[in-house]
**Q** 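Can you read through this structure? Questions will come right after.
Heads up: numbering here begins at 1 and tracks the sequence.
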Amino acid sequence: QVHLVQSGGGLAQPGGSLRLSCVVSEGLSRIPIVYWYRQAPGKQRELVALVSNVGSKEYVDSVKGRFTLSRDVAKNTVYLQMNSLKPEDTAIYYCSNGANSWGRGTQVTVSS
């Protein structure tokens with residue numbers, strides 16, 4: 001198990017941007033893949049994006065071209081840059097190792 005510390009998020013207008021951070025306290029090398037999930041009110045948790053420790057990235061179709069993952073190995077941090085935000089992006093976002101380690105979640109609200 002690793003410790004994942006999230007930050008970022010908040011309120012944005014439609015078309016705006018936010019950035020989420022996920023710090024892996026024990027180091028990025030401890031996790032083969034970092035996953036980002038989100039859960040909107042009344043909906044099931046869904047996978048949004050993932051990045052491997054060799055840098056390969058995947059995105060769900062609904063965020064392709066708008067969300068971008070990046071890694072800062074020196075800071076043990078994975079970033080999820082979210083641009084062109086839409087109201088339907090409103091959810092609690094979680095980073096995870098896909099198994100037994102989860103961040104506490106951060107609220108993203110997109111509203112005018």
Side-chain angles (χ1 to χ4, degrees):
Q1 188 174 11
V2 294
H3 294 90
L4 306 177
V5 181
Q6 292 184 232
S7 62
L11 175 65
Q13 292 187 339
S17 299
L18 289 170
R19 188 177 78 164
L20 306 182
S21 301
C22 178
V23 177
V24 183
S25 299
E26 293 80 1
L28 286 178
S29 62
R30 288 288 308 274
I31 302 182
I33 301 174
V34 174
Y35 299 82
W36 283 95
Y37 290 84
R38 67 185 178 187
Q39 187 164 18
K43 295 188 177 181
Q44 290 188 330
R45 188 172 295 181
E46 67 167 341
L47 177 64
V48 176
L50 62 87
V51 58
S52 76
N53 60 9
V54 295
S56 59
K57 304 167 188 174
E58 295 183 18
Y59 304 90
V60 68
D61 286 347
S62 60
V63 308
K64 281 181 180 177
R66 301 189 298 120
F67 289 13
T68 304
L69 286 163
S70 60
R71 297 163 69 240
D72 187 330
V73 177
K75 295 182 177 180
N76 295 325
T77 302
V78 173
Y79 300 99
L80 181 66
Q81 177 67 42
M82 304 183 295
N83 298 329
S84 301
L85 283 163
K86 303 177 180 180
E88 52 263 43
D89 295 318
T90 296
I92 300 175
Y93 286 70
Y94 301 87
C95 61
S96 172
N97 67 347
N100 58 352
S101 298
W102 291 81
R104 297 181 71 174
T106 184
Q107 178 70 48
V108 169
T109 302
V110 184
S111 174
S112 56

**Q** Does Tyr93 sit in a hydrophobic cluster with other residues, and if so which ones, taking ILVMFWY side chains as linked at heavy-atom separations under 4.5 Å, directly or through other members?
**A**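 Via sub-4.5 Å side-chain contacts, Tyr93 links to Val2, Leu4, Leu18, Leu20, Val24, Leu28, Ile31, Val34, Trp36, Val48, Val51, Tyr59, Val60, Val63, Phe67, Leu69, Val73, Val78, Leu80, Met82, Leu85, Val108, Val110.
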**Q** If you count every heavy atom of other residues, nucleotides or ligands that lies below 6.0 Å from Glu58 atom CD, does the total exceed 12?
**A**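 No, not enclosed.
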**Q** Is there side-chain contact between Val5 and Ser25, with at least one heavy-atom pair below 4.5 Å?
**A**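 The answer is yes; the side chains approach within 4.5 Å.
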**Q** Write out all pairs satisfying salt bridge (Lys or Arg N to Asp or Glu O under 4.0 Å) with one or both partners inside residues 39-56, taking only residues at least two apart or from two chains.
**A**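 For residues 39-56: Arg38-Glu46.
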**Q** What distance do Tyr94 atom OH and Ser101 atom OG have between them, rounded to the nearest 0.5 Å?
**A**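 Going from OH on Tyr94 over to OG on Ser101, the span is 15.0 Å.
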**Q** Does atom CD of Gln44 have more than 12 heavy-atom neighbours from other groups under 6.0 Å away?
**A**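 Open.
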**Q** Tell me which pairs pass side-chain hydrogen bond (donor to acceptor under 3.5 Å, both in side chains) where either residue lies in residues 103-112, with sequence neighbours left out.
**A**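 Listed once each, the pairs are Gln107-Thr109.
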**Q** For residues 1-18, which residue pairs pass the side-chain hydrogen bond (donor to acceptor under 3.5 Å, both in side chains) check, not counting sequence neighbours?
**A**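 Output for this query lists His3-Glu26, Ser17-Asn83.
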**Q** For Lys64, give me all partners under side chain to side chain donor-acceptor pair (under 3.5 Å), at least two apart in sequence or on another chain.
**A**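 For Lys64 the side chain to side chain donor-acceptor pair (under 3.5 Å) partners, ignoring immediate neighbours, are Asp61.
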**Q** Please enumerate all residues that pass side chain to side chain contact (heavy atoms under 4.5 Å, CB included) together with Ser96, with sequence neighbours excluded.
**A**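 For Ser96, the residues satisfying side chain to side chain contact (heavy atoms under 4.5 Å, CB included) (neighbours in sequence not counted) are Tyr37, Trp102.
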**Q** Rounded at 0.5 Å granularity, tell me how far OG1 in Thr68 sits from CZ in Arg19.
**A**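 Atom-to-atom, Thr68:OG1 and Arg19:CZ are 12.0 Å apart.
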**Q** How long is the span from the OG atom in Ser21 to the NZ atom in Lys75, to the nearest 0.5 Å?
**A**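 It comes to 9.0 Å.
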